[in-house]
Amino acid sequence: MDSLEINKIVGAILTASVIAMVSGFIADLTFPRSQPAKAVYALEADESGEAVAETAAPGLEPIGPLLASADAASGQAVAKKCVTCHTFDEGGKNKIGPNLWNVVDRTIGAQDGFSFSKALTEMASESWTYEDLNAFLAKPKDWAPGTKMSFAGLKKAQDRANLILYLRSLSGSPADLPEG
């Protein structure tokens, strides 16, 4: 191979690289990148009249109305996806994930004998609300970036509502259902 052929090959590679780079700049100008959606905060008053903030994940419909038509037996069927990592019985042992008995209104990132990810232990001042469970079950890694839970999430809102109603039933004194 003579030096002229090598120059042609190197020139073709450089030309292709410049075309790719210019195409990227044109694409950035044509289709600007948008900022990710931020969480929405709805303020409600509790019994004492103080405002209580509850987060609702953007794009998720509120779980309260869906819980009214939810079926705990169907939720138990959905929960079969979870038995590989979780137990559901009172006093049950932790597996890869924590035992889920009495999880509704339980402190986030708090279960004796289980080591939660930093993403959840940083939320230890909060409790699992119905909306939090809905958002977490929809996409765990979006709701708690850095969570160790590898589950992709439940796409169907009614499946999430059924599962949450089932989880609510796993308690000696189930939490009150949200109004609405």
Side-chain angles (χ1 to χ4, degrees), residues 34 36-44 46 52-180:
S34 62
K38 298 189 191 286
V40 177
Y41 295 92
L43 295 179
E44 297 179 16
D46 64 4
V52 177
E54 184 153 326
T55 60
L60 283 181
E61 58 188 287
I63 198 70
L66 293 171
L67 287 172
S69 63
D71 176 39
S74 296
Q76 187 173 11
V78 173
K80 290 181 180 181
K81 296 178 181 182
C82 311
V83 297
T84 303
C85 300
H86 298 280
T87 57
F88 296 90
D89 50 322
E90 184 173 11
K93 66 178 186 166
N94 296 319
K95 293 168 93 176
I96 294 171
N99 175 278
L100 296 178
W101 176 265
N102 201 28
V103 71
V104 178
D105 276 345
R106 180 168 73 196
T107 303
I108 297 174
Q111 172 71 19
D112 290 339
F114 187 78
S115 176
F116 285 89
S117 62
K118 185 178 178 183
L120 293 176
T121 56
E122 288 177 346
M123 298 179 193
S125 63
E126 303 172 36
S127 296
W128 282 110
T129 65
Y130 291 106
E131 292 299 333
D132 289 337
L133 285 167
N134 182 38
F136 186 72
L137 291 170
K139 285 191 176 181
K141 295 215 181 266
D142 284 357
W143 188 81
T147 183
K148 292 189 274 186
M149 186 164 161
S150 61
F151 183 63
L154 295 171
K155 291 182 181 180
K156 294 181 182 175
Q158 194 60 52
D159 283 350
R160 291 192 307 272
N162 292 339
L163 179 58
I164 291 169
L165 194 67
Y166 171 65
L167 292 173
R168 176 187 174 266
S169 73
L170 302 176
S171 174
S173 58
D176 292 335
L177 285 170
E179 293 180 20

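We number each residue from 1, following the sequence as shown.
Sequence neighbours left out, the pairs with a member in residues 73-84 that pass side-chain hydrogen bond (donor to acceptor under 3.5 Å, both in side chains) are D71-S74. Pairs passing the side-chain hydrogen bond (donor to acceptor under 3.5 Å, both in side chains) check and including a residue from residues 149-166, sequence neighbours excluded, read N134-R160, Q158-N162.
Atoms CG and CZ, on L154 and F136 in that order, are 11.0 Å from each other to the nearest 0.5 Å.
Side-chain atoms of I164 and L67, non-hydrogen and from C-beta on, do get closer than 4.5 Å to each other. In this structure the side chain of F88 reaches within 4.5 angstrom of the side chain of C82, judged on heavy atoms.
Residues A161 and L66 approach most closely at CB-CB, 3.7 Å, considering heavy atoms. Of all heavy-atom pairs between V104 and A175, the closest is CG1-CB, 3.8 Å. Closest heavy-atom contact between S171 and P174: OG-N, 3.6 Å. The two residues G64 and P178 have their closest heavy-atom pair at CA-CG, 3.9 Å.
When atom types are taken as modelled, the side chain of E131 and the backbone of I63 share a donor-acceptor pair closer than 3.5 angstrom.
Annotation: K139, atom NZ; neighbour count of heavy atoms from other residues, nucleotides and ligands within 6.0 Å does not exceed 12.
Checked against L137 for a side chain to side chain contact (heavy atoms under 4.5 Å, CB included), the options L60, V78, L163 give a single hit: L163.
In this structure, the side-chain contact (heavy atoms from CB on, under 4.5 Å) partners of D89, at least two apart in sequence or on a different chain, are T87, N99. Take I96 and apply the side-chain contact (heavy atoms from CB on, under 4.5 Å) test, not counting sequence neighbours, and it matches C85.
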Query raised in the report: Given the rule in the side-chain contact (heavy atoms from CB on, under 4.5 Å) test, do L170 and V103 qualify, once you have shown the distances and angles that lead to the verdict?
Result: CA-CA 8 Å; L170 302 176; V103 71; over 6 Å; no
What pairs of donor and acceptor atoms, side-chain ones from residues 111-128 against any protein atom, are under 3.5 angstrom apart with sequence neighbours left out?
| unit_1 | atom_1 | unit_2 | atom_2 | d |
| --- | --- | --- | --- | --- |
| Q111 | OE1 | R106 | NH1 | 2.7 |
| T121 | OG1 | S117 | O | 3.3 |
| T121 | OG1 | K118 | O | 3.2 |

